[in-house]
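The structure under discussion appears below in the form of structure tokens.
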Amino acid sequence: MKEAIVLTLLAASGVHSRNNGVGKLPVMGYDTYNAFACDYDGALATAQAKAMSETGLVALGYNTLILDDCYTLRERNSSGFLQEDRTRFPGGMRNWTQSIHRYGVSASAYSSNGHKTCGGYPAAYGHEDQDLEVWRSWGWDRMVKYDNCYIPYDNITMENEFGRFKRMADAIDRLAEKYDEEPFVYSVCQWGWENPYNWAPRISQGWRIDPDVKPYWSSIASIIYLQSISYQATNFYQHGDMDMLEVGNNGQGMPTGNLTLAEQRTHFTAWALSKSHLLIGTDLRNATNETLAILTNKELIDINQDPHEGAALAPFRVGSQDNFNHATYNESYPAPYWAGNSSYGAVFMIINTMNETQEMGFNLTENWAVRAGRKYNVRDMWKHQHVGVAIRNWTVSLGPHDVAALLLTDAGPEPAQELADGSLAPPCALPLLALQCASSNGSYVYSG
Ligand code: GAL
């Protein structure tokens with residue numbers, strides 16, 4: 001009874017919807033936009049699901065597919081319903097959904113919070129419940145990606161960004177309650193305008209932090225920079241969305257990409273360890289072994305999908321490599337040193353943002369998840385092997401724009417006072433804490 005009253009009050013407050021508090025891991029799957037923009041049909045989309053299944057991607061968790069924009073006719077019918085495009089989806093949408101279900105892939109929806117989608121097709125503003133019912137009738141059941149084009153005037157919405165995007169969150173809740181089904185995952189695509197990390201976590205499970213990703217290093221670097229100023233909003237229930245993957249888009253993609261393999265590794269590592277959705281955006285019919293090796297990095301996927309730890313990695317030094325003591329935020333040279341925790345051990349991500357090879361050293365105790373006074377086994381999650389034992393410090397050599405993804409597990413107390421290079425270790429963790437480091441009789445180790 002008491003519970004019923006609380007629920008009624010929450011519902012009446014209009015803020016606590018069923019979406020809130022529903023734990024959702026980042027979504028893994030495929031999105032048509034980076035590979036094809038509007039230039040696709042049902043057969044091409046099904047071919048991606050087939051490739052996902054045949055290459056083992058579905059088994060790894062990439063198991064939903066978003067038709068991103070442009071999948072209906074250009075006009076609603078006279079009753080306001082979305083109309084199927086029987087030229088591009090000849091058997092109709094329900095049949096198309098079944099064609100991907102055969103490969104173990106579910107279907108997810110795209111629409112926009114305005115009069116039209118960004119590609120100029122009918123969008124769900126004012127038709128939220130109606131469109132959700134249509135998607136459901138087509139067998140779509142996983143996620144709604146909700147874009148931000150062609151927004152109505154303020155005198156129609158009479159809402160701010162939060163209220164405007166809450167309309168779809170509420171409609172998703174109504175649908176789930178009506179049929180007693182799992183709610184769609186709600187993913188807000190507002191391009192990081194108006195700091196969505198401040199408000200989108202109240203109504204959604206994901207929010208884009210960036211304008212559209214592009215298959216160039218400058219774009220990947222700038223999104224990693226944006227993540228460094230918004231990572232705190234990500235938790236087990238909701239995720240900053242760094243946008244769809246461009247892995248595989250060297251010589252292909254829309255626009256045609258030029259990402260080196262090192263850049264693709266860095267891109268995938270940063271997205272996975274930031275707990276972003278992992279939505280493939282390349283034509284998988286042409287996927288090379290190198291592309292598949294990146295997309296199937298199970299060690300990184302396991303951390304992205306960690307059932308117990310929801311926080312994203314945090315930068316422990318900001319600014320560019322040559323000036324890391326100062327917060328010199330720079331979109332071209334995002335934070336190179338990141339760390340966090342996982343169910344499998346402490347996690348470090350080191351990115352060489354510079355254009356030449358670098359030796360990059362760091363102190364383990366800069367990360368809260370590593371205990372001072374202990375040594376650590378270091379596993380390289382790209383080499384997929386144990387690479388040594390770290391005592392206080394670790395150094396990696398990285399080529400231009402390449403990354404190290406390291407998993408550290410406890411290997412016992414560190415040897416007394418000895419650093420890897422043979423010098424004496426400070427008895428307290430570096431750097432500022434050393435100033436307060438004292439013996440039990442109260443005398444400071446460092447005076448002056
Ligand atoms: C953009 C959005 C892209 C894609 C595109 C479709 O606004 O950021 O991810 O959905 O619209 O037209």
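Atoms within each ligand, like the ligands themselves, are counted from 1 in listed order. Remember, it's a predicted structure, so these values are computed and weren't measured experimentally.
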Please tell me whether N249 and E246 have a donor and an acceptor in their side chains that are separated by less than 3.5 angstrom. yes
Would you mind listing which atoms of ligand 1 come within a distance below 4.0 Å of any non-hydrogen atom of C118? 7 (O), 11 (O), 12 (O)
The atoms of ligand 1 lying under 4.0 Å from a heavy atom of W191, numbered in the order shown, are 1 (C), 2 (C), 7 (O), 8 (O)
Give the residue, atom name and distance (to 0.1 Å) of the protein heavy atom nearest atom 6 (C) of ligand 1. D69 OD2, 3.3 Å
Can the positive tip of K145 be found less than 6.0 Å from the middle of the six-membered ring of Y110, inside 45° of the ring normal? no
Need the ligand 1 atom indices (1-based, order shown) with element for anything under 4.0 Å from a heavy-atom of M244. 9 (O)
Report the C-alpha distance between S342 and L407 in whole Å, list the side-chain angles of each, state the deciding distance to 0.1 Å, and finish with yes or no for side chain to side chain contact (heavy atoms under 4.5 Å, CB included). CA-CA 9 Å; S342 79; L407 187 69; 4.0 Å; yes
Checking contacts here: is it the side chain or the backbone of C189 that comes within 4.0 Å of ligand 1, counting heavy atoms only? Could be both or neither. side chain
Could you identify the single nearest non-hydrogen protein atom to atom 2 (C) of ligand 1 and state the distance to 0.1 Å? D147 OD2, 3.2 Å
More than 12 heavy atoms of other groups within 6.0 Å of Y179 OH: yes
Atom 10 (O) of ligand 1 has as its nearest protein heavy atom D68 OD1, 2.7 Å
Can you tell me which residue and heavy atom of the protein come closest to atom 8 (O) of ligand 1, and the distance to 0.1 Å? D212 OD1, 2.5 Å
Crowded around N289 CG? As in, over 12 foreign heavy atoms under 6.0 Å? no
Closest protein heavy atom to atom 9 (O) of ligand 1, given as residue, atom name and distance to 0.1 Å: K145 NZ, 2.8 Å
So Y33 and L279, side chain to side chain contact (heavy atoms under 4.5 Å, CB included) or not? Walk me through it. CA-CA 10 Å; Y33 188 69; L279 297 166; over 6 Å; no
Give the atom numbers and elements of ligand 1 that come within less than 4.0 Å of a heavy atom of R208. 8 (O), 9 (O)
Establish, yes or no, whether a centroid distance under 6.0 Å links the rings of Y30 and Y62. no
